[in-house]
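What follows is one structure encoded as structure tokens, with my remarks underneath.
Worth saying up front: this structure is predicted, and the values here are computed from it rather than measured. Letters A, B, ... are given to chains in the order of the sequence lines, protein chains preceding strands, and every chain is numbered from 1.
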There are 2 protein chains.
Amino acid sequence: MDPHVALGAKFAGWADLGFDDARCPVRNLLDRIGDRWSTLLIAALAGGPKRFSALARAVPDISKRMLTQTLRTLETDGFVHRDVQPTVPPSVTYSLTPLGQSFAGPLLNLVEWAEANFEDVLEARSRMADAA
Amino acid sequence: MDPHVALGAKFAGWADLGFDDARCPVRNLLDRIGDRWSTLLIAALAGGPKRFSALARAVPDISKRMLTQTLRTLETDGFVHRDVQPTVPPSVTYSLTPLGQSFAGPLLNLVEWAEANFEDVLEARSRMADAA
DNA sequence: TTGACATGGTCTCAAGTGGAGACCAATAGG
DNA sequence: CCTATTGGTCTCCACTTGAGACCATGTCAA
């Protein structure tokens with residue numbers, strides 16, 4: 001079965017369940033990790049544990065506010081482990097849990113698709129721009 | 001190479017490029033299709049072409065405004081084809097382009113991961129809730 | 001005839017969300 | 001004594017999103 005046919009079948013199944021957030025794992029999860037920063041932070045942590053400030057440096061255009069908030073969400077969802085060393089000043093290290101690491105698989109597929117098809121998207125954009 | 005190691009390597013590569021949006025296909029694409037509705041609409045269209053009102057019925061909690069806007073973006077990026085029949089009242093049919101269909105592959109992987117690991121995420125959430 | 005409904009949107013207004021940057025306590029180093 | 005570092009929080013403002021009214025045209029039922 002072609003992937004897009006399989007995906008269409010999945011969608012039909014969700015529609016039967018009424019799209020209840022609690023019952024549709026896909027919407028529930030994708031609404032949370034499908035934001036601007038979550039996937040990027042998972043990728044940043046895929047290379048190994050990092051401290052808060054190291055993450056801030058690794059992802060230069062995230063604000064501290066969103067960094068904190070996104071890491072908290074990833075922690076409560078079990079993607080990330082937060083380890084606080086009560087030194088002064090405090091040292092907080094973030095790392096991927098096994099669950100977070102297992103997510104790297106599908107995420108890597110997405111990344112590879114994006115790299116492989118970026119040219120086509122750019123072409124489509126310029127075609128539309130010319131048409132307008 | 002484990003997926004998460006490979007992903008970490010990718011990330012290191014991006015960091016070297018300075019995260020320029022124009023140069024990082026991944027951020028460029030994920031910032032656009034990584035929103036609340038794009039992936040859902042692609043899934044809805046994976047089963048075959050649909051008219052505007054059929055999409056609105058298939059995804060009950062999207063507003064017309066966001067439906068129009070998301071479809072426009074998907075169209076300019078080449079994921080979706082828009083076919084207008086100038087009847088009265090007009091009939092507009094949306095369908096996935098080959099590019100859009102090829103995206104169904106990675107998206108399906110993501111969906112399957114979400115279904116397989118949803119329980120673990122729920123457990124993590126309740127553990128965190130108990131701790132607080 | 002009059003009214004309701006369907007089509008594929010657009011428009012406006014209110015609510016929500018994200019980014020920028022000030023601020024914090026405590027300590028180490030110059 | 002002055003400053004920098006740590007891991008954040010808080011406030012304010014801009015931008016995005018959602019809800020819902022509105023539109024022109026034509027068909028169908030009462």
Side-chain angles (χ1 to χ4, degrees), chain A residues 19-21 27-28 30-42 44-45 48-77 80-95 128 131-132, chain B residues 18-21 24 27-41 44-45 48-77 80-95 128 131-132:
Chain A
F19 284 103
D20 187 354
D21 240 29
R27 292 198 66 179
N28 190 305
L30 261 60
D31 281 355
R32 294 179 77 129
I33 58 164
D35 66 353
R36 198 178 186 74
W37 303 116
S38 296
T39 50
L40 200 57
L41 288 179
I42 290 172
L45 287 171
K50 279 193 175 57
R51 296 179 59 173
F52 184 88
S53 48
L55 279 171
R57 266 175 265 122
V59 183
D61 51 350
I62 193 176
S63 64
K64 284 178 169 188
R65 188 178 164 281
M66 287 311 293
L67 181 54
T68 303
Q69 186 175 309
T70 306
L71 285 170
R72 292 273 196 276
T73 303
L74 289 175
E75 191 195 0
T76 74
D77 282 4
V80 157
H81 175 69
R82 179 168 180 266
D83 185 47
V84 186
Q85 230 63 27
T87 58
V88 172
S91 166
V92 182
T93 303
Y94 293 90
S95 53
M128 291 297 291
Chain B
F19 283 106
D20 188 355
D21 240 30
C24 182
R27 293 198 65 180
N28 190 304
L29 283 180
L30 261 58
D31 281 355
R32 292 179 78 129
I33 59 164
D35 66 353
R36 198 179 186 73
W37 304 116
S38 295
T39 50
L40 199 58
L41 288 179
L45 288 172
K50 279 193 175 57
R51 297 179 58 174
F52 183 88
S53 49
L55 279 171
R57 265 175 265 120
V59 183
D61 51 351
I62 193 176
S63 65
K64 284 180 170 189
R65 188 179 164 282
M66 286 311 293
L67 181 55
T68 303
Q69 186 174 309
T70 306
L71 285 170
R72 292 273 195 274
T73 302
L74 289 175
E75 193 196 0
T76 73
D77 281 4
V80 156
H81 175 69
R82 179 167 180 266
D83 186 47
V84 186
Q85 230 62 26
T87 58
V88 173
S91 166
V92 181
T93 303
Y94 293 89
S95 54
M128 291 296 293

Check your understanding: Just how far is it from atom CD of B:Glu75 to atom CZ of B:Arg72, taken to the nearest 0.5 Å?
Key -> 6.5 Å

**Study point:** Whole-Å distance separating the CD1 atom of A:Ile62 from the P atom of D:dG8
**Key:** 13 Å

**Study point:** B:Asp35 CG to C:dG18 P, straight-line distance once rounded to whole Å
**Key:** 13 Å

**Study point:** Residues A:Asp83 and A:Arg51 bridged, charged N to O under 4.0 Å
**Key:** no

**Study point:** Euclidean distance, A:Asp77 CG relative to A:Arg32 CZ, rounded to 0.5 Å
**Key:** 4.0 Å

Review point. Given that A:Pro89 and A:Arg72 both sit by DNA chain D, which one's nearest nucleotide is further toward the 5' end?
Key: A:Pro89

**Study point:** Under 4.0 angstrom between A:Arg36 side-chain N/O and D:dT16 OP1 or OP2
**Key:** no

Point to revise | Rounded interatomic separation in angstrom, taking NZ from A:Lys64 and C1' from D:dT11 | key: 15 Å

Check your understanding: Rounded to whole angstroms, how far apart are CD on B:Gln69 and P on C:dG9?
Key -> 13 Å

Point to revise | Donor + acceptor pair across side chains of B:Ser53, B:Arg57 (<3.5 Å) | key: yes

Check your understanding: Do A:Thr73 side-chain atoms and A:Gln69 backbone N/O form a donor-acceptor pair below 3.5 Å?
Key -> yes

Exercise for review: Give the angle between the helix axes at the two ends of the helix from C:dT1-D:dA30 to C:dG30-D:dC1, taking five base pairs at each end and rounding to 10°.
Suggested key: 10°

Check your understanding: Where along residues 51-58 of chain A does a heavy atom come under 4.0 Å from DNA chain D, residue by residue in number order?
Key -> A:Arg51, A:Phe52, A:Ser53

Point to revise | Closest to the A:Val88 side chain, choosing from C:dC23, C:dT27, D:dG18 | key: C:dT27

Check your understanding: Can you check the B:Trp37 CH2 to D:dT17 P distance for me, whole Å?
Key -> 11 Å

Exercise for review: Send over the distance from A:Leu67 CG to D:dG7 P, rounded to a whole Å.
Suggested key: 10 Å

**Study point:** Which nucleotide in D:dT9, C:dG19, D:dG18 has an atom nearest any side-chain atom of A:Thr68
**Key:** D:dT9

Check your understanding: So what does B:Ser91 touch, heavy atoms closer than 4.0 Å: a base, only the sugar-phosphate, or nothing?
Key -> sugar-phosphate

Review point. Taking the side chain as C-beta and beyond, is there a heavy-atom pair between B:Leu67 and B:Val59 under 4.5 Å?
Key: no

Check your understanding: Just how far, in rounded Å, is P of D:dT17 from CG of A:Asp31?
Key -> 13 Å

Review point. Which nucleotide, C:dG18, D:dT9, D:dG7, lies nearest any side-chain atom of A:Met66?
Key: C:dG18

Review point. Given the rule in the side-chain contact (heavy atoms from CB on, under 4.5 Å) test, do A:Tyr94 and A:Leu74 qualify, once you have shown the distances and angles that lead to the verdict?
Key: CA-CA 10 Å; A:Tyr94 293 90; A:Leu74 289 175; over 6 Å; no

Point to revise | Candidates D:dG20, C:dG21, D:dG8 - which lies nearest the side chain of A:Arg65 | key: C:dG21

Practice item. Whole angstrom is fine here: how far is it from NZ in B:Lys50 over to P in C:dT7? Key: 15 Å

Revision key, fill the gap. Rounded to the nearest 0.5 Å, the OG1 atom of A:Thr70 sits from the CG atom of A:Leu40 at a distance of 10.0 Å

Practice item. Answer yes or no: is there a donor N or O on one side and an acceptor on the other, between the side chain of B:Ser38 and the main chain of B:Gly34, under 3.5 Å? Key: no

Exercise for review: Considering only NZ, NE, NH1 and NH2 on the basic side and carboxylate oxygens on the acidic side, decide whether B:Arg36 and A:Asp35 come within less than 4.0 Å.
Suggested key: no

